[in-house]
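Okay, structure first, notes after.
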Protein chains: 2
Amino acid sequence: MSGTNRRRITSKELAKLAGVSSATISRAFSPGSRIGSATRDRILAVAREYGYQPNAIARSLNNQRSRLVALVVNAIGNPCEAEEQQLLVHRLQARQLLPILLCCADHSDRLQLMRLASTYQVDHVVIFSDMVSMQDAVDIFHTTRPIIVSFEPLGNEDVSNIRIDGAVGAGEIIDKIVGDGKKRFAYLSGTKSSWIDKLRRKWFADALARHGLAFEAEAFGDYSYDSGFKEAVLLLHRSKVDVIICGNDVMAIGARDAARRVLGKNTPEDIAIVGQDGIAMAAWDCNDLTTLSLDHVAFMDAVVEVIERHEAGNEGPHSITLTCTPRWGSTA
Amino acid sequence: MSGTNRRRITSKELAKLAGVSSATISRAFSPGSRIGSATRDRILAVAREYGYQPNAIARSLNNQRSRLVALVVNAIGNPCEAEEQQLLVHRLQARQLLPILLCCADHSDRLQLMRLASTYQVDHVVIFSDMVSMQDAVDIFHTTRPIIVSFEPLGNEDVSNIRIDGAVGAGEIIDKIVGDGKKRFAYLSGTKSSWIDKLRRKWFADALARHGLAFEAEAFGDYSYDSGFKEAVLLLHRSKVDVIICGNDVMAIGARDAARRVLGKNTPEDIAIVGQDGIAMAAWDCNDLTTLSLDHVAFMDAVVEVIERHEAGNEGPHSITLTCTPRWGSTA
DNA sequence: GTCGTTTGTGTAATCGTTTGCACAACGATA
DNA sequence: TATCGTTGTGCAAACGATTACACAAACGAC
């Protein structure tokens, strides 16, 4: 009990101490197994005394279930992801599942990273990152049936996925802005290679097309505040747009700051700025961003829903679609 | 190789396919073991063909090393933690260590959560959260020798720790503000129960004392923007302070917004506001916060340094102290 | 009192690796 | 040629749990 004893006691040793077999120890710790309640109580008491807990590694080896979940994300530093990750981790913990975090953004060899995680026989995989190809993920985790958090319908029939659709919400935002008399739109992308970003852009481009409009200018950042700031400065110097649709909220805040500080333009009069994500910070008084917002709670509920179906043995694949709705702030 | 095969191939099966024993398979995958290079190449080729990778769970059971690291944090949603966590996860991944994330903030039974993680025989534990008692952590992870990220010297001699000292930096900030002619200070705490918060407050209180001053008012939030906003409103209504020192940057931004929006006060003329952490957002143009800042890179380097010493067999305990320095913004 | 069922426990195999030991083959040395 | 060290490989025993199977005791029904 005091922290001095460095070795963990095993079930066999505990068995000797309690005068039973190690099988009985195991049964004392697995609810619903045939064991006398007196024996169980005695074992649990002795176990507490000696600080025994079953070894999850050994258990996993035998069970073929690890209760580990791989979370493949771009980064945790970026608030739009962090909020969702927080919700998901909370839900997993409540189900006695432990998350192993894989951050792709700053890792040179993402496939190797995923392969490493897959050797831990994770029970579930949730892929948030758009920096890995879906097919690679499916190949590497072929024993696990991953959940792809996707923005578009997948070609692969074998994979559960959560689809996010912002077409309608983007339409409402464009309608309002056009109604306010603005016509000259720019799109500030997150990353060139990101298919999520391409899709987000398409929602707005399609909405513009219905008004006979199109993006007049394009810029590419990296989802960070700094890139939003810098690209907005360049963009506003080289073209006369009066609306910037941004790939996420953080870049939108950067663009707003750039417009105000460097160009002396105010939102929404001089320039309208729109974000995407609906992170908490967007609603802060200092930001009050107009943004195409996703209900993060519903999103993570959907992920957990799929995990639970997989756990229940119904491996699917399952698909759930969520829609985005506008949050109206003072920037557009 | 195609994703259809649901079962993973074992070393014994691969051994049969390659015409060797499973011991040889194992040796092919552990660098530095006695094996003919021709055999190794052949095995690796066959392994690639059948998609074999050694099972990390079985390996951990045998080795008594899991290469898993438990990260005990309050939350990932809060930017001040997320930035550090991002850095740490990156460094762990580079060393082929995988992080298991434990979020304490929203979990009702944190001890049970830590116990669950400890059954996975993690090789290292890093405790960032101030919501768990150090002694509990040491008891639960008694086989692991945890690293406590601490703001004060520990009583327990058996634990490696990183100590953070902001006394000098806080002194510089107070000197400057007092030099600017302000005298009436309030402290906006993160949490009542947090000992980290108590210590941060003490740095500033001590600095004030050297000027013959003390905090005139106190408020308690929860490290969130909303709590910073709300508590600042209440605080400024009930007392005439002209400086608010906040427990972290996010609350400082909330307080600044409250002062500006609800009270119509500007920083730093009407009221000075100081944060703590030095998160990236503090330097954003829209915030430009004066804050007592910690070098997050040096911080995580220190954590990894201790982990590496533990891995090398030098279990310490080790102690490293870091100091905080002011970041001068426009809010104080 | 016998039979059948239920209940509680132990024995031993299993999960997929790693690794100490034994041993054969080989080249170098005397 | 006999001896020795080196190298490459297999055998089998861990690692610490879970669980199918077997069996003894207890119980109820007749």
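Residue numbering restarts at 1 for every chain, and letters A, B, ... go by the order of the sequence lines. Remember, predicted model here, so these are calculated numbers, not experimental data.
Taking atom CZ of B:Arg8 as the reference point, atom C1' of C:dC15 lies 14 Å away to the nearest angstrom. To the nearest angstrom, C1' of C:dT14 lies 16 Å from CD1 of B:Ile57. Rounded to whole angstrom, the span from the CZ atom of B:Arg59 across to the C1' atom of C:dT17 amounts to 8 Å. Distance B:Leu17 CG to C:dG16 P: 15 Å, rounded to the nearest Å. Straight-line distance from the CG atom of B:Asn63 to the P atom of D:dA13: 20 Å, rounded to whole Å. As rounded to whole Å, 15 Å separates atom C1' of C:dT19 from atom CD1 of B:Ile25. A:Arg7 places its CZ atom 7 Å from the P atom of D:dG16, with the value rounded to the nearest Å. Straight-line distance from the CD atom of B:Gln121 to the C1' atom of D:dA17: 11 Å, rounded to whole Å.
The base of D:dG10 lies close enough to the side chain of B:Arg27 for a donor and an acceptor atom to sit less than 3.5 Å apart. No donor-acceptor contact under 3.5 Å links the side chain of A:Arg40 to the base of C:dG8. Under 3.5 Å, the side chain of A:Asn62 and the base of C:dT14 form at least one donor-acceptor pair of N or O atoms.
At the heavy-atom level, A:Ser26 lies under 4.0 Å from base atoms of the strands shown. A:Ser33 comes within 4.0 angstrom of nothing in the nucleic acid, heavy atoms only. No contact: A:Ser60 has no heavy atom under 4.0 Å from any strand. Backbone-only contact: B:Ile35 has heavy atoms under 4.0 Å from sugar-phosphate atoms and none from a base. At the heavy-atom level, B:Tyr52 lies under 4.0 Å from the strands shown only through sugar-phosphate atoms. Residue-level contact check: B:Arg34 touches the bases, meaning some heavy atom is under 4.0 Å from a base atom. Residue A:Ser21 is in base contact, counting any heavy-atom pair closer than 4.0 Å across all strands shown.
Ring planes of B:His318 and B:His310: tilted class, angle from 30 to 60°.
Under the salt bridge (Lys or Arg N to Asp or Glu O under 4.0 Å) criterion, the residue pairs touching residues 93-104 of chain A are A:Arg95-A:Glu308, with sequence neighbours excluded.
A residue-by-residue look at B:Pro54 and A:Ser22 shows that A:Ser22 has its nearest nucleotide of DNA chain C further toward the 5' end. Nearest-nucleotide positions on DNA chain D place B:Val20 closer to the 5' end than the other of B:Val20 and A:Lys12.
For A:Ser30, there are no side chain to side chain donor-acceptor pair (under 3.5 Å) partners, not counting sequence neighbours.
With hydrogens and angles ignored, the 3.5 Å screen pairs no side-chain donor or acceptor of B:Gln93 with any backbone N or O of B:Pro99.
Proximity note for B:Thr24 (side chain, C-beta onward) versus D:dT9, D:dA17, C:dT18: the nearest is D:dT9.
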- Task: Could you give me the CA-CA distance, side-chain angles and deciding distance for A:Gln96 and B:Gln112, then say whether side chain to side chain donor-acceptor pair (under 3.5 Å) is met?
- Result: CA-CA 10 Å; A:Gln96 311 267 79; B:Gln112 188 244 333; 2.9 Å; yes
- In sequence, state the C-alpha distance, the side-chain angles, and the governing distance for B:Asn74 and B:Ser129, and then conclude on side chain to side chain donor-acceptor pair (under 3.5 Å). CA-CA 5 Å; B:Asn74 284 336; B:Ser129 173; 2.5 Å; yes
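Contact annotation: A:Gln64 side-chain N/O to C:dG16 OP1/OP2 distance is under 4.0 Å. OP1 or OP2 of D:dT9 sits under 4.0 Å from a side-chain N or O of B:Thr39.
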